[in-house]
Undergrad: 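Handing you this structure, nothing more for now.
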Amino acid sequence: MKNELVWEKIKMASSIGIAGHINPDGDCVGSCLALYNYLQENFNEDGKKQIDVYLESCPKEFLFLKNATALKQTCAPLIHYDIFIVLDSGSIDRIEKQAQELFYTAITTVTIDHHISNTSFAKVNIVDPKASSTCEVLYGLLDSKKISKEVAECIYLGIVHDTGVFKHSCTTEQTMIIAGHLLTLGVNSAKIIDETFYQKTYVQNQVLGRCLLESILVMNGKIIVSTISKRIQEFYKVGAEDLSGVIDQLRVTQGVEVAIFLREENVQEYKVSMRSNGVVDVSKIAMFFGGGGHIKAAGCTMYGSVYDVINNLTAGIEHQLGKEV
Ligand code: 5GP
Ligand code: MN
């Protein structure tokens, strides 16, 4: 019911803003561009609507998506949008500062998401924590007969990334049915999977190797932790987008329940990524420290020495594991 209301508002709107979270991943870029392209193709044939999409950046492997270069970071003067739609973000502080301002000054606000930690911060909240990805939630809102090959590519890319190429347990029959339909629209599956997910630059592989080499096991091998300092990131000239595969490789270590990856962003400031193999709900731990995410994949920012950060996180994990035995 509420979804029909959103489509009514979209039809009536003369300006629509779209935004996704900072440090955008495949699901974020995929869902933002899928919605942007779908609206341009089906609701803006005469070009009278102003439709903008705000994203911090676009990782270069996603630049083949239609309109990937149309992304904006800021606007001046401030635009008061009729409708502002936030994708793949569990809370409003996940989007960039000016995008937050655009959200607060918009007439109607919508969030489309799949994070269990979503705080329902918009007027209309379309959140399905059982969905593999925001792209899957978005697909459910679109008229499947009006999805072009270009929109299909965006959605397919988002699903591929958030399911880890259909291997994470968030992958359901519905996910596969959607992916199957997208293939019929002409999506080149092998190309998207290889060139946007598995392919790494030489230096990305070097850094991955280094993070694995320096990882440590704690709690009888139930937790694996790896850290990368700012100095090492600067030495290899890598950023967050180059390190996204590290946590997934740590997680598949035999015997591990939880993988933790700490990326030093500033002195005594760490971006924390966590993955669980099922027993521990890492979203609870991330939320406790001001972050969020899903049961099996969550993150937050923590302050203090690396030892303090690890001790605080492992205490939370130990507490949950303790309840299991
Ligand atoms: P990743 O480890 O890939 O950065 O993030 C895993 C999941 O946790 C993603 O779904 C992401 O949205 C969420 N997440 C990561 N960091 C934060 C954070 O600082 N705050 C919130 N609310 N969610 C986060
Ligand atoms: Mn997502």
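Residue indices begin at 1 and follow the sequence shown. Read the numbers this way: they start at 1 and go in the same order the structure lists the ligands and their atoms.
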Undergrad: Got an N/O contact under 3.5 Å between His21 and ligand 1?
TA: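 So ligand 1 has no N or O lying under 3.5 Å from an N or O of His21.
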
Undergrad: Hey, quick one: are Leu35 and Ile147 part of the same hydrophobic cluster, counting side-chain heavy atoms closer than 4.5 Å, chains of contacts allowed?
TA: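 Yes; Ile147 is reachable from Leu35 via cluster members.
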
Undergrad: Would you tell me whether Ser169 and Lys296 have side-chain atoms, one donor and one acceptor, within less than 3.5 Å of each other?
TA: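 Side chains of Ser169 and Lys296: pair found under 3.5 Å.
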
Undergrad: Lys271 heavy atoms, cut-off 4.0 Å: which ligand 1 atoms fall inside?
TA: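 Answer, ordered by atom number: 16 (N), 17 (C), 18 (C), 19 (O).
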
Undergrad: Determine whether the side chains of Gln40 and Asn44 contain a donor N or O and an acceptor N or O closer than 3.5 Å.
TA: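 Yes.
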
Undergrad: In the single-linkage hydrophobic clustering (I, L, V, M, F, W, Y; side-chain heavy atoms under 4.5 Å), do Val282 and Leu243 co-cluster?
TA: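 Looking at the clustering, Leu243 is in a separate group from Val282.
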
Undergrad: Output yes if Asp162 passes the N/O/S-under-2.8 Å test against the Mn ion (ligand 2); output no otherwise.
TA: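 Of the N, O and S atoms in Asp162, at least one lies under 2.8 Å from the Mn ion (ligand 2), which means yes.
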
Undergrad: Closest non-hydrogen protein atom to atom 14 (N) of ligand 1, residue and atom name please, with distance?
TA: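 For this ligand atom, the closest protein heavy atom is Gly292 O, 3.5 Å.
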
Undergrad: Which of the atoms in ligand 1, numbered in the order shown and given with their element, are less than 4.0 Å from a heavy-atom of Arg275?
TA: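 Checking each atom against Arg275, I get 1 (P), 2 (O), 3 (O), 6 (C).
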
Undergrad: Evaluate side-chain contact (heavy atoms from CB on, under 4.5 Å) for Leu262 paired with Val309, printing each intermediate quantity in order.
TA: CA-CA 9 Å; Leu262 307 178; Val309 170; 3.9 Å; yes

Undergrad: Which N/O/S atom belongs to Asp27 and is the closest one to the Mn ion (ligand 2)?
TA: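 Of all N, O or S atoms in Asp27, the Mn ion (ligand 2) lies closest to OD2.
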
Undergrad: Of the listed options (Arg263, His115, His161, His114), which comes nearest to atom 12 (O) of ligand 1 when hydrogens are ignored and any heavy atom counts?
TA: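 Going through Arg263, His115, His161, His114 one by one, His115 has the nearest heavy atom to atom 12 (O) of ligand 1.
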
Undergrad: Need the ligand 1 atom indices (1-based, order shown) with element for anything under 4.0 Å from a heavy-atom of Ser273.
TA: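 The atoms of ligand 1 under 4.0 Å from a heavy atom of Ser273 are 1 (P), 2 (O), 4 (O).
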
Undergrad: Using a cut-off of strictly less than 2.8 Å, determine whether Asp88 has an N/O/S atom near the Mn ion (ligand 2).
TA: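 Within the cut-off used here (under 2.8 Å), Asp88 does place an N, O or S atom near the Mn ion (ligand 2).
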
Undergrad: Which residue holds the protein heavy atom closest to atom 7 (C) of ligand 1, what is that atom called, and what is the gap in Å?
TA: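 The answer is Ala297 O, 3.5 Å.
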
Undergrad: So, does Cys300 sit close enough to ligand 1 that a heavy atom of it is under 4.0 Å from the ligand?
TA: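 For ligand 1, residue contact (heavy atoms, under 4.0 Å) with Cys300 is present.
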
Undergrad: As a test of understanding, state which of Lys191, His161, Glu61, Lys60 forms a side-chain hydrogen bond (donor to acceptor under 3.5 Å, both in side chains) with Thr196.
TA: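 It is His161, the one option of Lys191, His161, Glu61, Lys60 that forms the side-chain hydrogen bond (donor to acceptor under 3.5 Å, both in side chains) with Thr196.
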
Undergrad: Side-chain donor-acceptor pair under 3.5 Å between Asp162 and His114, yes or no?
TA: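 Short answer, yes.
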
Undergrad: Which is it for Tyr303 and Tyr270 under the ring pair (Phe, Tyr, Trp, His ring centres under 6.0 Å) test, yes or no, and what are the steps along the way?
TA: CA-CA 6 Å; Tyr303 303 89; Tyr270 291 88; 9.3 Å; no

Undergrad: His294 heavy atoms, cut-off 4.0 Å: which ligand 1 atoms fall inside?
TA: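 Checking each atom against His294, I get 10 (O).
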
Undergrad: Let me check your reading of the structure: within less than 2.8 Å of the Mn ion (ligand 2), is there an N/O/S atom from His115?
TA: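 It does not; every qualifying atom lies at 2.8 Å or beyond.
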
Undergrad: For atom 17 (C) of ligand 1, what's the nearest protein heavy-atom neighbour? Residue, atom name and distance, please.
TA: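 That would be Gly299 O, 3.3 Å.
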
Undergrad: Between the side chains of Ser229 and Glu264, does any donor sit under 3.5 Å from an acceptor?
TA: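 Distance-only check fails for Ser229 and Glu264.
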
